[in-house]
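Numbers restart at 1 for each chain; the letters A, B, ... are given by sequence-line order, proteins then strands. Bear in mind that the values here come from a model prediction, so they are computed numbers and not experimental data. Hydrogens, waters and symmetry mates are skipped; everything else that's a heavy atom, side chains included, is used.
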Amino acid sequence: MPELPEVETTVRGLRSVLEGAELTRVEPRRPDLRRAIPPDLRQRMTGARVTGLGRRAKYGMIDTDRGDTLVFHLGMSGRWRVDPEDIGTHDHLVIETADGRRLALNDPRRFGSLDLVETSALAGFAPFATLGPEPLDDVFDAAHLAEAFADRIAPVKALLLDQRVVAGLGNIYVCEALHIAGIAPTTAGGRIARKRLDPLVAAIKAVLASAIEAGGSTLRDYARPDGELGYFFKQWRVYGREGLDCPSCGKPVERCVDSGRSTFFCAKCQR
DNA sequence: CAGATCCCCTGGTCGC
DNA sequence: TGCGACCAGGGGATCT
C-alpha cells in the first residue's frame, strides 16, 4: 500500500506531467471515495494551470493558479495511471491537459480521498492539522521521539503508526525500521531507553530514503505513475517474510497479529 | 487524553 | 470450474 515513499514517487512522476500544465478537463467519475469528493471540484479546476506539486505525510498535493490545492490520498490501492488508453470502472478522477496528456486516479478499494482546499488554508485542513513532523525533516529526531514516547504504554509499533507522532509511516516501513533498529515492536514506547532512539530515528530515515531511491515499494497493486512497478519490496528484511530467514541472524521471521494487523519481526534480533 | 475496537471497500488467494 | 471465506490495512469514528 502506498506509504510515504510511494506517495513521494507518485508525486515526482506526476510532476513531470502536470507541472505548469493547463487543465482542460477535470472529471470526477463518482461522488465519493472514502468521503465525498467536493461537488465543485470540476468547476474549480477546469481551465486552471498547475503551479506546483508536493507531498505531506501520505497525501499528495496539486496546486493551481486559482489558489486551490487538490489533496489526494491513495488509501490502500490507489495509483495514478498516466496516459491510459481506456478509462475503466475504478478510474475515479480523469485529468487532461492542454498538451494532450491524460491522468486517471485509479483506486479499486476506494480507501483514498480527494479534497480541494484553498492553498492558503492548508495548515488548517483537518487531516493536516494534527500531523506530526515529516520523518525526513531535521526536526524529526531522537529528542522528538523521546517527548512523544514519554510515559506511553502503547507498543512502539502503534506509536510509530500514529500520524500525530510522525507523519507518513505505515505498516511496512515501521516493521522494517524496527528490525533495523533491533527493537521489539511490542515494547512500550515509554520503556525504550533514550540511547536507542538515535538508532531508531536513523533506521526510519534510512529505510524511507532507500525506498524513495528505489522508486517506492510495491504490494500487489501499487505501481508508479508511469506504470513501472517499484521494486523496494525486494529489499524487505521482515515484512511479508514469515518463516523465511532473518537477514541478520538466519532465524525464521515471525508474524503476529495485533488489532487485525500483521507485524513481522525477528525475535532474536529485536528485543 | 490514551487506548482499544470497529468499519469502510474490493481484488486476489485459498480450500473444498 | 465455481464459490464462499478470508485477508490486506489507513484513517476516522466511537466506545471505555
(request) Answer yes or no: are there more than 12 heavy-atom neighbours, outside A/Arg42 itself, under 6.0 Å from its atom CZ? (result) no
(message) In whole Å, I'd like the distance from the CZ atom of A/Phe111 to the P atom of B/dC9.
(response) 8 Å
(message) Rounded to whole Å, please give me the gap between CD in A/Glu6 and C1' in C/dA8.
(response) 15 Å
(message) Rounding to an integer number of Å, can you tell me how far A/Glu3 CD sits from C/dG11 P?
(response) 9 Å
(request) With the side chain counted from C-beta on, respond yes when A/Leu131 and A/Arg164 share a heavy-atom pair under 4.5 Å apart, and no when they do not. (result) no
(request) Please report, rounded to the nearest Å, how far the P atom of B/dT10 is from the CZ atom of A/Arg109. (result) 11 Å
Polar atoms only, N or O, under 3.5 Å: list the protein pairs with nucleotides 3-7 of chain B and their distances.
| unit_1 | atom_1 | unit_2 | atom_2 | d |
| --- | --- | --- | --- | --- |
| B/dG3 | OP1 | A/Ile153 | N | 3.0 |
| B/dG3 | OP1 | A/Ala154 | N | 3.3 |
| B/dG3 | OP2 | A/Arg152 | NE | 2.6 |
| B/dG3 | OP2 | A/Arg152 | NH2 | 2.6 |

(message) If you compare every side-chain N and O of A/Lys58 against the phosphate oxygens of C/dG11 (OP1, OP2), does one of them come in below 4.0 Å?
(response) yes
(message) I'd like to know if A/Arg66 pairs up with A/Asp68 as an ion pair, taking the criterion as any Lys NZ or Arg NE/NH1/NH2 lying under 4.0 Å from an Asp or Glu carboxylate oxygen.
(response) no
(message) Both A/Thr89 and A/Arg164 contact DNA chain B. Which one's nearest nucleotide lies toward the 5' end?
(response) A/Arg164
(request) Verify the contact: side-chain N or O of A/His90 to OP1 or OP2 of B/dG11, cut-off strictly under 4.0 Å; return yes or no. (result) yes
(message) Please determine whether a side-chain nitrogen or oxygen atom of A/His73 lies at a distance below 4.0 Å from atom OP1 or OP2 of C/dG11.
(response) yes
(message) Expressed as a whole number of angstroms, how long is the span from A/Asn106:CG to B/dC9:P?
(response) 17 Å
(request) With the side chain counted from C-beta on, respond yes when A/Pro127 and A/Tyr59 share a heavy-atom pair under 4.5 Å apart, and no when they do not. (result) yes
(message) With a 4.0 Å limit, can you tell me whether A/Gln163 has a side-chain N or O closer than that to the phosphate oxygens OP1/OP2 of C/dG10?
(response) no
(request) Check the distance between C/dC7's C1' and A/Asn171's CG and give it to me in whole angstrom. (result) 13 Å
(request) State whether A/Glu176 and A/Arg237 are salt-bridged, where the test is any N-O pair (Lys NZ or Arg NE/NH1/NH2 against Asp/Glu carboxylate O) under 4.0 Å. (result) no
(message) Expressed as a whole number of angstroms, how long is the span from A/Leu74:CG to C/dG10:P?
(response) 13 Å
(request) Check whether more than 12 heavy atoms from other residues, nucleotides or ligands sit under 6.0 Å from atom CG of A/Asp151, and answer yes or no. (result) no
(message) Just the rounded figure in Å: distance from P of C/dG12 to CG of A/Asp32.
(response) 16 Å
(message) Counting the atoms with a prime plus P, OP1 and OP2 as sugar-phosphate, which does A/Ser113 contact under 4.0 Å by heavy atoms, base, sugar-phosphate, or nothing?
(response) nothing
(request) Report which part of the nucleic acid A/Arg255 touches: base, sugar-phosphate, or nothing (heavy-atom distance under 4.0 Å, all strands). (result) sugar-phosphate
(request) State, yes or no, whether a side-chain contact exists between A/Phe149 and A/Val165 at a heavy-atom distance under 4.5 Å. (result) yes
